[in-house]
Amino acid sequence: MERHTIFSGIAYYNSKLAHTAPHRNPTRGPKDEYFDFDLIGYYFRNQVHPNALQVISDRTSNDMDFEELFMFLGRTRSKIGQQYLYKQLSVIAPKPDFETQEELIGDFTADTARLLKAEAFLSKLNDRNMYYLPHLFLEEYIPKPKRFWLFPVLSVAGLVSFFVVSFYPQGVLLVVTRIHNQSDYPFLE
């Protein structure tokens, strides 16, 4: 079973349970928290959707007041869950896998200990900084500098000089005076 179907199953189960179980969500309305839709929608906006039947456009999203709908439906326990739910609601899949989702919902309904364990695990990802997790795999890496080979060489040279100084301190003075006496280095005079 794929990991993303487990997360979608938990998200769907939580949204379904929120509307049927008043002890889980006493208000039954939008969550009482701040929603940063620029960060929530980052995962959706920076991903290619080649297998999507349709992607909801910005105009359609504004017409249907998508952000208000998301605040009403979203019962996720983590910031990553918010990003995933936003993507799932914004992309229409060509062949939704309802059987797998219903199977997951049935598993979590039958085994509440497993549900609570999954919620506890996902609640660890509820820090605001978790919104930036997709940046790690959706953005391009910074290329290595052209002189990157120089870093290991300089590191080894530093270690060698440290050992030379500890065993033969007069050698350092000899090298420094030798460099100073050579006329090729006028900037040292």
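Because only heavy atoms are used, hydrogens play no part in the values below, and waters and symmetry mates are left out as well, while side chains stay in. For reference, positions follow the sequence shown, starting with 1.
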* To do: For the pair F37 and Y86, evaluate side-chain contact (heavy atoms from CB on, under 4.5 Å) and give the outcome as yes or no after the intermediate values.
  => CA-CA 9 Å; F37 283 100; Y86 188 93; 3.9 Å; yes

* Asked: With hydrophobic residues grouped by side-chain heavy-atom distances under 4.5 Å, do Y42 and V48 end up in a single group?
  -> no

* To do: Test side-chain contact (heavy atoms from CB on, under 4.5 Å) on T76 and Y84 and set out the steps.
  => CA-CA 9 Å; T76 58; Y84 185 77; over 6 Å; no

* **Linked, directly or transitively: V91 and M64 (ILVMFWY side chains, under 4.5 Å)** => yes

* Asked: Say you draw a straight line from OH of Y131 to CG of L125; how long is it, rounded to the nearest 0.5 Å?
  -> 12.5 Å

* Measure the spacing between CG of L69 and CD of E67 and express it to the nearest 0.5 Å. => 11.0 Å

* Can any side-chain N or O of R128 pair as donor or acceptor with the backbone N or O of K79 at less than 3.5 Å? -> no

* What's the spacing between N126 CG and M130 CE if we round to 0.5 Å? -> 10.0 Å

* Asked: What are the two closest non-hydrogen atoms of L138 and N46, and how far apart are they?
  -> CD2-O, 3.8 Å

* More than 12 heavy atoms of other residues, nucleotides or ligands under 6.0 Å from CZ of F162: is that the case? -> no

* **F66 to L89 - nearest heavy-atom pair and separation** => CZ-CB, 3.7 Å

* Judged by atom type as modelled, is there a donor-acceptor pair below 3.5 Å linking the side chain of Q83 to the main-chain atoms of L39? -> yes

* Any chain of hydrophobic side-chain contacts (each under 4.5 Å) joining V153 to V160? -> no

* Asked: Could you give the distance from OH (Y43) to OG (S90), rounded to the nearest 0.5 Å?
  -> 12.0 Å

* Counting distance only, does the side-chain N/O of D111 pair as donor-acceptor with the main-chain N or O of D107 below 3.5 Å? -> no

* **Derivation and outcome, side-chain contact (heavy atoms from CB on, under 4.5 Å), residues E102 and I105** => CA-CA 5 Å; E102 288 297 326; I105 292 168; 4.2 Å; yes

* Go through F44 and V55 one step at a time and tell me if the side-chain contact (heavy atoms from CB on, under 4.5 Å) criterion holds. => CA-CA 10 Å; F44 162 70; V55 177; 3.5 Å; yes

* Measuring from T109:OG1 to L104:CG, what's the distance to the nearest 0.5 Å? -> 10.0 Å

* Asked: Distance from M71 atom CE to Q82 atom CD, nearest 0.5 Å?
  -> 11.0 Å

* To do: May I ask whether Y132 and F35 are part of the same hydrophobic cluster, defined by side-chain heavy atoms of I, L, V, M, F, W, Y residues being less than 4.5 angstrom apart, directly or through others?
  => yes

* If every non-hydrogen atom of F108 is compared with every non-hydrogen atom of L115, which pair is closest and at what distance? -> CD2-CA, 3.6 Å

* Structure fact -> Besides I56, the hydrophobic cluster formed by Ile, Leu, Val, Met, Phe, Trp and Tyr side chains linked at under 4.5 Å, directly or via other members, contains none

* How about D63: does its CG atom have over 12 heavy atoms from other parts shown lying under 6.0 Å from it? -> yes

